[in-house]
Amino acid sequence: MGTAAGAYDFGQIEKKWQQFWEANRTFKATDCDGSKPKYYILDMFPYPSGQGLHVGHPEGYTASDIVARYKRMKGFNVLHPFGWDAFGLPAEQHAINTGTHPEATTNANITNMRRQTKSLGFSYDWDREIATTDPEYYRWTQWIFLKLFNSYFDDAQQKARPIKELPIPEGLSEEEKRRYVEDHRLAYQADVPVNWCPELGTVLANEEVVGGVSERGGHSVIRKPMRQWMLRITKYAERLLDDLSAVDWPESIKKLQMDWIGKSVGAEVCFRIDGFDQDIWVFTTRPDTLFGATYMVMAPEHALVDIITTDGQKQAVKDYCEATARKSDLDRTDLAKDKTGVFTGAYAINPVNDERIPIWISDYVLISYGTGAIMAVPAHDDRDFEFATKFELPIVPVVEPPDPLDAEKVERGELCFTGNGTAINSGAFDGLPTPQFKEKITAWLAERGLGRKAINYKLRDWLFSRQRYWGEPFPIVHLPDGRVKGISEDELPLRLPQVRDYAPLGTGEPPLAKATDWVNVTLPDGTPARRETNTMPQWAGSCWYYLRYLDPRNADVGWAPEKEDYWMPVDLYIGGAEHAVLHLLYARFWHKFLYDLGKVHTKEPFKKLVNQGMILGEDGQKMSKSRGNVVNPDQVIADYGADSMRLYEMFMGPLEAMKPWSMQGVQGVHRFLQKTWRLMVDEESGQPLAAVQDARADEETLRLLHQTIRKVGGDIETFGFNTAISAMMILVNYLGRLDVRPRSVLEPLVLILSPFAPHLAEELWQRLGHRESLAHEPWPVYDAALAQAREIELAVQVNGKIKDRIVVPAEADEDSIKANALGNEKVVEALNGKTPKKVIVIRSRLVNIVA
RNA sequence: GCCGGAGUGGCGGAAUUGGCAGACGCGCGGGAUUCAAAAUCCCGUCCUGGCAACAGGGUGAGGGUUCGAGUCCCUCCUCCGGCACCA
């Protein structure tokens with residue numbers, strides 16, 4: 001196999017061109033080149049895992065590489081960088097088990113994955129390679145954190161400002177002033193009930209807990225109050241939501257982000273507590289149902305619970321609160337099927353009708369959303385309905401559904417209606433449609449100081465600290481008096497210290513606490529202090545890496561402003577849909593913050609986003625070691641070559657779709673590349689075939705060529721890589737039948753194939769007599785006139801059924817087509833003497849005769 | 001439960017967005033080449049009936065709009081993804 005001198009020796013060819021590109025810096029991106037339009041195309045950088053590359057990675061990378069190579073040929077100055085999201089739990093778990101420094105593991109994994117990535121021939125500018133674990137990189141991650149720490153959010157201006165400019169209310173003590181400032185920083189510490197994972201020995205962000213267990217590893221997660229670093233992402237909720245309309249992203253991803261942010265517009269309403277000075281505020285999206293509020297529910301953690309509970313109910317309430325506190329997240333969701341709760345013994349006064357309503361506690365009300373208390377309207381809220389039914393609380397209908405049948409059921413308390421309708425049992429407001437009632441009652445409450453318009457978000461502040469070793473250290477010190485200070489920027493990077501072992505202490509104390517020499521510091525003024533021992537979560541480094549690529553070796557700033565101005569935003573971002581809310585929301589948040597600081601000039605970092613779908617094993621199942629269906633890219637490349645691998649991954653189906661692997665499919669595209677080779681190269685000599693000539697192509701050949709150029713270019717623009725490949729296959733199959741293969745046809749074919757199979761294309765280009773790489777050759781221009789067929793075959797239907805086909809000149813007008821069709825003998829036969837009622841002519845498509 | 005997305009040959013998938021369903025590839029069948037095999041090339045391949053020309057049916061199921069529906073509308077089924085007491 002492949003013994004002849006001129007055979008398609010992909011192994012040798014691919015190595016040769018990879019070395020050529022690297023030696024010649026073929027894909028070097030030139031900063032601030034004003035002579036060309038720029039195009040920034042970014043892949044989601046991978047975690048350097050010990051498993052190495054799997055076949056899912058090259059899918060997105062090949063797609064982006066095709067676009068990058070295509071755009072270069074279209075005359076763009078393309079920035080196409082690559083790097084490593086290198087902090088992460090696997091290297092640390094390995095360190096805990098074996099004592100190997102995670103850095104050593106990480107570097108070895110990067111070396112291996114870099115080799116694998118390079119073996120696919122992607123046109124990255126490798127001079128810009130970065131790793132988030134490099135101190136020269138995380139120096140700037142820490143720098144951004146310091147900026148967050150030293151900023152607050154100005155609600156009126158809806159933007160971040162330096163903490164020094166925070167207006168502090170009059171009359172506060174020094175201690176209160178300090179607290180006030182701490183409470184406004186965008187990076188702050190708080191005692192929060194966190195997702196504590198005993199198995200991993202760390203807390204997790206809400207986004208990292210899936211179905212009550214940890215996203216990584218599937219370990220159980222419990223609720224535990226701990227002092228943690230938080231980022232005030234909630235301040236950006238409105239902007240994160242608004243600016244989604246400005247990006248070209250899949251609607252599904254935008255929707256996921258919208259739902260995650262979860263904006264609700266409603267009102268906060270004040271209820272007096274009978275016999276107490278205190279009030280309870282509740283948040284509701286349905287202030288129009290206030291007259292139907294028959295009880296209240298507070299979260300068990302609510303501060304007022306202890307105060308208002310009557311002696312008789314003390315024990316029951318205490319037991320319930322303790323039981324709730326012990327529940328893990330998983331237990332809570334499991335128990336969600338059946339509502340639980342306890343009466344406090346206290347009553348509140350409904351502000352609209354002065355009714356006395358009982359106050360309950362239940363864990364179906366969350367302390368972390370709204371005010372931690374609700375007014376319950378069982379007739380018009382499913383959860384309240386369920387609770388009221390179980391505990392036999394009154395149900396008062398106040399909204400009449402439009403459907404009379406429903407209305408009757410609601411009236412009898414048999415149906416819970418949550419839609420819009422007409423107000424009933426609501427005093428002077430009766431008869432109002434829901435939307436108007438909402439506005440009226442909100443104004444009514446506001447006039448009396450009993451309520452106000454309010455907006456709530458599901459989005460919570462970002463839990464930003466982890467009790468791990470392998471992450472960015474916080475540039476923060478703790479003073480003996482409890483104050484927290486950021487270290488100065490010129491002390492960055494704050495490097496990770498060496499530690500004896502990497503195991504968490506299990507108490508919540510991070511491994512860094514073991515590095516006492518590092519932890520204990522003396523400040524310039526002589527004060528002893530302790531360094532923060534938590535580290536940042538993995539998402540930190542990926543929040544801004546697209547900016548470091550712009551200026552990756554700059555030792556003075558994270559990125560130079562003129563480079564940011566030239567390259568940003570990212571024009572095309574390709575990666576997996578699993579990052580829909582995590583990475584993409586966090587990165588947008590940091591970007592908006594940097595925008596407020598004037599460090600970036602665009603509101604959004606990623607203009608267009610495309611998700612590649614997952615590649616399944618040959619059995620149609622998700623690839624996994626235990627199933628034994630994992631495809632090894634190294635093996636595929638060894639057997640068929642990188643070009644075949646690239647081409648196959650693009651030929652499998654639509655980029656975004658989930659699709660199963662097929663080794664025979666790889667063979668299929670490999671055959672196509674072989675065929676393309678043999679189209680031009682003599683397998684014996686390696687020289688161009690005698691059939692390759694400087695001859696004129698005939699009309700039919702030119703037409704197919706120009707149609708193919710048009711199709712392939714158009715398909716690349718719309719990510720239809722599978723159909724682009726199919727079009728090239730048709731052209732190659734056609735040319736294979738010709739005895740004379742004009743160079744003027746083969747050369748454009750090689751050029752349009754080159755983004756897909758770059759090694760083969762470069763080799764063919766050279767063997768056709770070119771000295772330069774084709775990487776910057778102009779993309780062939782198609783001639784619309786040549787692509788246009790002279791004659792067109794039309795289907796002729798009678799009553800929608802095809803009877804025959806006719807051939808007409810491309811420019812034939814409707815009347816002549818009509819005459820042609822009606823004169824067709826099959827048509828005459830089918831009509832059987834009947835007169836056509838109507839003749840529909842779709843030029844270039846078909847004729848339909850209705851009889 | 002709620003919100004998205006998708007159901008097309010034996011398989012992966014095409015179909016100008018309302019206009020010839022099944023491009024291209026895989027697989028399979030037949031043939032050429034070969035001592036033989038691999039590789040390669042040619043022909044066939046949605047289903048049913050027929051030697052064939054041809055006829056009929058066909059895009060998850062059922063209904064509707066239309067001269068015309070894989071594509072649009074309604075109802076239902078299945079699979080995948082997301083959220084899961086967010087008031």
Side-chain angles (χ1 to χ4, degrees), chain A residues 1-2 7 210-212 250-256 258-264 266 282-286 289 297 332-333 335-337 339 362-366 368-377 380-384 386-387 418 456-460 577-578 580-581 613-614 618 620 647-648 651-654 656-669 671-672 674-675 678 683 711 714 720 722-730 732-733 736-737 793-802 804-805 836-851:
Chain A
M1 188 175 146
V210 177
E251 284 306 314
S252 57
I253 299 286
K254 290 201 212 178
K255 181 92 178 20
L256 286 177
M258 284 181 206
D259 289 351
W260 190 266
I261 295 166
K263 180 180 182 176
S264 309
V282 302
F283 172 71
T284 176
T285 56
R286 294 296 300 268
T289 61
V297 188
R332 276 204 181 194
T333 40
L335 290 172
K337 287 170 193 122
K339 295 254 180 303
S362 171
D363 65 1
Y364 87 87
V365 174
L366 307 175
S368 49
Y369 183 79
T371 61
I374 60 155
M375 64 176 207
V377 186
H380 306 291
D381 180 284
D382 290 321
R383 296 147 302 182
D384 299 343
E386 199 193 320
F387 192 85
T418 58
N456 265 293
Y457 301 92
K458 282 206 283 186
L459 183 71
R460 305 291 148 81
E578 67 272 19
V581 284
M614 202 197 307
E618 297 223 39
L647 206 66
Y648 174 63
F651 189 61
M652 292 173 85
E656 326 78 51
M658 187 186 285
K659 44 213 177 272
W661 186 269
S662 156
M663 219 43 106
Q664 276 171 331
V666 183
Q667 260 178 68
V669 295
R671 274 203 275 272
F672 162 67
Q674 288 274 12
K675 224 184 276 186
R678 289 196 305 268
E683 285 200 279
K711 175 80 177 147
N722 53 336
T723 47
I725 293 165
S726 135
M728 290 186 283
M729 285 172 166
I730 292 169
V732 167
N733 287 341
R737 290 192 288 270
E793 192 187 64
L794 301 180
V796 182
Q797 302 177 328
V798 175
N799 290 330
K801 290 208 186 293
I802 294 166
D804 204 0
R805 286 162 228 276
K837 288 198 196 103
K838 197 170 168 187
V839 179
I840 293 134
V841 178
I842 308 296
R843 292 190 55 213
S844 83
R845 288 285 148 216
L846 54 64
V847 182
N848 189 11
I849 298 160
V850 187

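Order of the sequence lines fixes the chain letters, A, B, ..., with proteins taken first and strands second; residue numbering starts at 1 for each chain. Just so it is clear, the model here is predicted, and its values are computed rather than measured.
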Review point. Closest to the A:P654 side chain: B:rC80, B:rG19, B:rA14?
Key: B:rA14
Check your understanding: Nearest to the side chain of A:I730 - B:rC67, B:rA23, B:rG82?
Key -> B:rA23
Review point. From B:rC67, B:rG19, B:rU40, pick the nucleotide closest to the side chain of A:R671?
Key: B:rU40
**Study point:** Inter-nucleotide C1' distance (B:rA6, B:rA87), Å rounded
**Key:** 33 Å
Point to revise | Side-chain heavy-atom pair A:Q667, A:M663 within 4.5 angstrom cut-off | key: no
**Study point:** Side chain proximity check, A:D384 to A:Y364, heavy atoms < 4.5 angstrom
**Key:** yes
Point to revise | Check: A:K838 and A:N848 side chains under 4.5 Å, non-hydrogen atoms | key: no
Review point. Using the P atom in both, what is the distance from B:rG5 to B:rG56, to the nearest Å?
Key: 38 Å
Practice item. Give the nucleotide from the list B:rA14, B:rA87, B:rG27 with an atom nearest to the side chain of A:Q664. Key: B:rG27
Revision key, fill the gap. The nucleotide from B:rG25, B:rG12, B:rC26 with an atom nearest the side chain of A:P660 is B:rG12
Exercise for review: For RNA chain B, list all stems, counting runs of three or more consecutive pairs where every pair is Watson-Crick or G-U wobble with both distances under 3.5 Å.
Suggested key: B:1-7 with B:77-83, B:10-12 with B:24-26, B:27-32 with B:40-45, B:46-49 with B:54-57, B:60-64 with B:72-76
Revision key, fill the gap. Picking from B:rA14, B:rA21, B:rA87, the nucleotide nearest the side-chain atoms of A:T284 would be B:rA87
**Study point:** Atom-pair distance (CE on A:M658; P on B:rC11), nearest Å
**Key:** 19 Å
Review point. Can you find a heavy atom in the side chain of A:I840 that is under 4.5 Å from one in the side chain of A:Q797?
Key: no
**Study point:** Side chain of A:K838 - closest among B:rC67, B:rG19, B:rC85
**Key:** B:rC67
Point to revise | Pairwise P distance for B:rC76 and B:rG70, with rounding to whole Å | key: 23 Å
Point to revise | Closest listed nucleotide, where the reference is the side chain of A:N848 and the choices are B:rC85, B:rC24, B:rG68 | key: B:rG68
Exercise for review: If the glycosidic angle is within 90 degrees of 0 it's syn, otherwise anti, so just tell me which one B:rG50 is.
Suggested key: anti
**Study point:** Length of the line joining A:M258:CE and B:rG82:C1', which is rounded to integer Å
**Key:** 15 Å
Point to revise | B:rU71 glycosidic torsion: syn (within 90° of 0) vs anti | key: anti
Review point. Do A:K837 side-chain and B:rC67 base share a donor-acceptor contact under 3.5 Å?
Key: no
